[in-house]
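Not measured: the values here are computed from a predicted model.
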Amino acid sequence: LEGNPAYPPGAGPPLPPLAFSKACMRVARGHAKLGWHWWPDSNAIPSIPYEGRRPCVQRGTCYSGCNEGAKASPDLTHWRSLVDSGAVRLISGARVRRLIVDANGLAAGAEWYDPDGIGHVQEADLVVLAANAIGTPRLLLASADERNPDGLANSSGLVGRNLMLHTWALVTGIFDEPLESWRGHRSSVGCMQFYESDESRGFVGTSKWHLEPGAGPLGLMLPAPGFGVWGEEHHARLAERLGHVIDWGITGDDLPSEANRVVLSDTLRDSSGFAAPKLLYRVNDNTKRMFEWQVERARESFAAAGAARIEALTLAPVGTHLYGTARMGDDPRTSVVNRWGVSHDIPNLAIVDGSVFVTTGGVNPTCTITALAARTADHLAQHRAEVPRPARRSTIALTSPGKAKAYSIAEDGKAAVTPVDFDASERERLAALADALIPPMHDRPAPSKVGIGENLLDRVATARPDLVAGLRRALRPGSAGVADWLQELAETDADARHALEVAVAGGYYISSEVRALLGYPGDDPVPVRPDA
């Protein structure tokens with residue numbers, strides 16, 4: 001620690017150890033009893049100040065964003081220095097309609113639309129796609145023309161096919177003793193004990209386990225739209241879980257199938273008028289057997305760690321990490337790009353995202369994607385003279401995408417945020433609905449008593465303006481009673497119901513009075529002790 005400004009000499013008693021270690025070490029010791037592998041997981045977050053990023057302070061909000069500026073997201077690691085140097089021009093809020101090709105079939109640039117719906121053309125000698133395994137095939141298919149009626153780079157017919165993703169299981173250990181398990185960065189411990197494929201288990205493929213803290217009140221009570229627990233059971237569920245749960249998240253290998261694919265929707269368009277991607281995907285039987293087996297091992301892990309109760313979601317209704325829809329290979333008949341990530345059909349078009357993968361493996365793909373991207377960039381730079389250049393056009397006709405969404409753009413280029421003024425009836429309606437979702441119990445006050453329809457609503461609307469439209473729909477006057485209206489929203493307007501749930505739970509749990517009663521300090525910073 002010598003020279004580390006976070007730990008100056010004579011600064012007083014040592015800082016507290018890593019807060020999540022209580023929960024983390026319980027599971028690690030359980031694995032030691034079983035003779036199973038565990039190891040601190042790799043994370044792109046620093047424990048000391050590094051290149052303008054601050055050290056991690058264990059807020060535990062990695063999935064929703066790092067308000068400390070420690071998480072190594074590209075806006076901090078790459079874009080800022082590149083933009084400041086003048087090497088690149090970054091345009092956010094742009095949507096590419098199609099790629100442009102010249103008379104010889106070479107990529108010549110892109111047609112794109114800004115947030116105001118105004119069309120632009122960016123000509124280029126070389127085009128590189130990095131829109132991942134949904135956005136990349138969507139764009140290639142949307143760029144079909146007379147020469148390429150099935151889409152660009154698609155002579156193999158495989159653009160959009162072989163969609164793979166990391167299916168996911170969640171196993172939760174609930175412990176009787178308090179562990180402050182809302183703290184800690186995501187994926188604190190990894191387990192590779194069962195990573196190697198073994199057909200004797202009844203399946204092929206591989207999985208990695210990630211041990212994760214159990215989140216704060218909002219994460220526990222709003223795990224996903226439609227999965228919240230409301231009414232009389234709300235407080236009991238939170239009391240059981242806040243600070244008491246640890247999760248094994250399991251990501252699993254996926255097998256390629258040409259039937260799993262991305263196509264363009266015939267009916268759905270986005271707010272810019274572009275055809276939306278449509279996903280056709282079925283979980284295969286091998287994956288189902290894999291997760292059933294892995295989940296049973298995760299149950300054994302938590303049992304060895306002393307969990308009082310264990311819950312499992314064998315196949316979570318979510319897929320993470322996208323692969324396969326522009327696969328790499330030497331044979332143009334069975335692949336979309338060559339071993340360097342360059343299209344077999346269009347020699348000045350490269351793809352540098354997860355769509356080039358032919359298998360998934362069980363680990364997160366980011367390091368492999370970035371390594372392949374750097375490899376492709378080196379290859380293109382070394383062979384730049386051999387890459388053909390397209391013919392320039394003096395005029396390029398813009399296609400009509402349909403009606404574009406209207407945005408308000410401030411002078412600084414960011415979308416303008418209009419202060420929300422909820423009227424008295426909307427505020428009263430919110431208080432009534434909130435009291436039904438989170439009723440008072442024992443020492444827990446009703447949301448209406450802590451100001452859910454007053455300053456807490458204003459704080460939520462300021463922090464999350466994206467919720468306002470749905471929230472207004474949820475708060476519109478009607479003849480239905482509170483319970484009937486909540487049910488009707490769930491059945492007819494899921495977005496409005498979700499906006500209401502986030503506003504209610506978000507407002508309730510940012511109340512200092514409620515947090516004090518829970519014994520939950522909020523996401524207060526606890527610096528990492530690298531020596532601990």
Side-chain angles (χ1 to χ4, degrees), residues 95-99 101 107 127-145 147-168 203-205 251-270 272 274-291 315-339 341-346 349-362 364-365 368-369 372:
R95 283 180 173 171
V96 177
R97 166 67 181 86
R98 60 174 178 140
L99 299 184
V101 295
V127 174
V128 180
L129 290 182
N132 221 309
I134 294 177
T136 287
R138 177 199 191 191
L139 188 53
L140 293 174
L141 294 172
S143 301
D145 57 19
R147 179 194 294 266
N148 305 283
D150 297 322
L152 296 188
N154 198 24
S155 63
S156 64
L158 292 174
V159 167
R161 293 190 177 271
N162 295 296
L163 172 66
M164 297 173 287
L165 47 82
H166 272 157
T167 39
W168 190 63
F203 59 88
V204 296
T251 54
D253 205 354
D254 195 11
L255 301 179
S257 168
E258 290 189 14
N260 289 340
R261 62 195 189 276
V262 177
V263 298
L264 297 179
S265 173
D266 293 330
T267 57
L268 184 64
R269 292 184 174 270
D270 66 19
S272 293
F274 304 161
K278 179 179 179 180
L279 276 59
L280 305 173
Y281 181 85
R282 184 184 299 273
V283 179
N284 61 62
D285 290 339
N286 183 81
T287 297
K288 294 175 183 177
R289 292 193 298 271
M290 177 199 310
F291 276 105
L315 271 174
V318 64
T320 60
H321 311 142
L322 306 165
Y323 309 83
T325 52
R327 59 189 354 230
M328 179 184 288
D330 289 332
D331 188 344
R333 296 169 298 178
T334 58
S335 58
V336 177
V337 298
N338 65 20
R339 63 177 57 205
V342 177
S343 164
H344 290 298
D345 300 348
I346 305 175
L349 172 66
I351 300 174
V352 293
D353 57 43
S355 62
V356 304
F357 282 46
V358 295
T359 57
T360 68
N364 293 15
T368 306
I369 290 173
L372 287 173

Atom of Ala153, atom of Val336 and distance for their closest heavy-atom approach | O-CG1, 3.5 Å
The reported gap from OG in Ser155 to NE2 in His344 (rounded to nearest 0.5 angstrom) is 8.0 Å
Rounded distance [0.5 Å steps], CZ in Phe274 versus CG in Leu139 = 9.5 Å
Indicate yes or no: at least one non-hydrogen side-chain atom of Arg327 is less than 4.5 angstrom from one of Pro256.
-> yes
When rounded to the nearest 0.5 angstrom, what distance separates CD1 in Ile346 from CG in Leu152?
-> 4.5 Å
How would you list, by chain and number, every residue that makes a side-chain hydrogen bond (donor to acceptor under 3.5 Å, both in side chains) with Ser143, sequence neighbours excluded?
-> none
Any sub-3.5 Å donor-acceptor pair from Thr359's side-chain atoms to Gly361's backbone N or O?
-> no
So, are Arg333 and Asp331 salt-bridged, with charged N and O less than 4.0 Å apart?
-> yes
For Pro332 and Ser156, work out which heavy atoms get closest and say how close.
-> O-CB, 3.4 Å
Heavy-atom pair of closest approach, residues Thr136 and Asp353 = OG1-OD2, 2.6 Å
Side chains of Met290 and Thr167 in contact at under 4.5 Å (non-hydrogen atoms) = no
Would you indicate whether the side-chain heavy atoms of Leu349 and Leu129 approach each other to under 4.5 Å?
-> yes
Crowded around Asp266 CG? As in, over 12 foreign heavy atoms under 6.0 Å?
-> no
Taking every non-hydrogen atom, the tightest pair across Ala275 and Arg269 = N-NH1, 3.4 Å
Would you say Leu255 and Phe203 make side-chain contact, with heavy atoms under 4.5 Å?
-> no
For Asp330, side-chain hydrogen bond (donor to acceptor under 3.5 Å, both in side chains) partners two or more places apart | Arg339
Could you grab the distance from atom CG of Asn162 to atom CZ of Phe357, nearest 0.5 Å is fine?
-> 14.5 Å
Under a 4.5 Å cut-off applied to non-hydrogen side-chain atoms, are Met164 and Asn260 in contact?
-> no
Output for pair (Asp254 CG, Thr360 OG1), nearest 0.5 Å, gives 5.5 Å
If we only count heavy atoms from C-beta on, is the Lys288 to Leu315 side-chain gap below 4.5 Å?
-> yes
Identify the heavy atoms of Gly151 and Ala144 that sit nearest to each other, and give their distance.
-> N-CB, 3.6 Å
Step by step, work out the side chain to side chain contact (heavy atoms under 4.5 Å, CB included) result for Arg261 and Thr325.
-> CA-CA 7 Å; Arg261 62 195 189 276; Thr325 52; over 6 Å; no
Are Asp270 and Arg95 within salt-bridge range, i.e. N to O under 4.0 Å?
-> yes
Does the pair Thr287 and Asn284 meet the rule for a side-chain hydrogen bond (donor to acceptor under 3.5 Å, both in side chains), with working shown?
-> CA-CA 6 Å; Thr287 297; Asn284 61 62; 3.0 Å; yes
Residue pair Thr251 / Trp168: nearest heavy atoms and the distance that separates them = CG2-CD1, 3.9 Å
Would you mind reporting whether Leu372 and Ile369 have side-chain heavy atoms less than 4.5 Å apart?
-> no
State the OG-CG distance between Ser343 and Asn154, to the nearest 0.5 angstrom.
-> 9.5 Å
Answer yes or no: is there a side-chain heavy-atom contact under 4.5 Å between Ile351 and Leu140?
-> yes
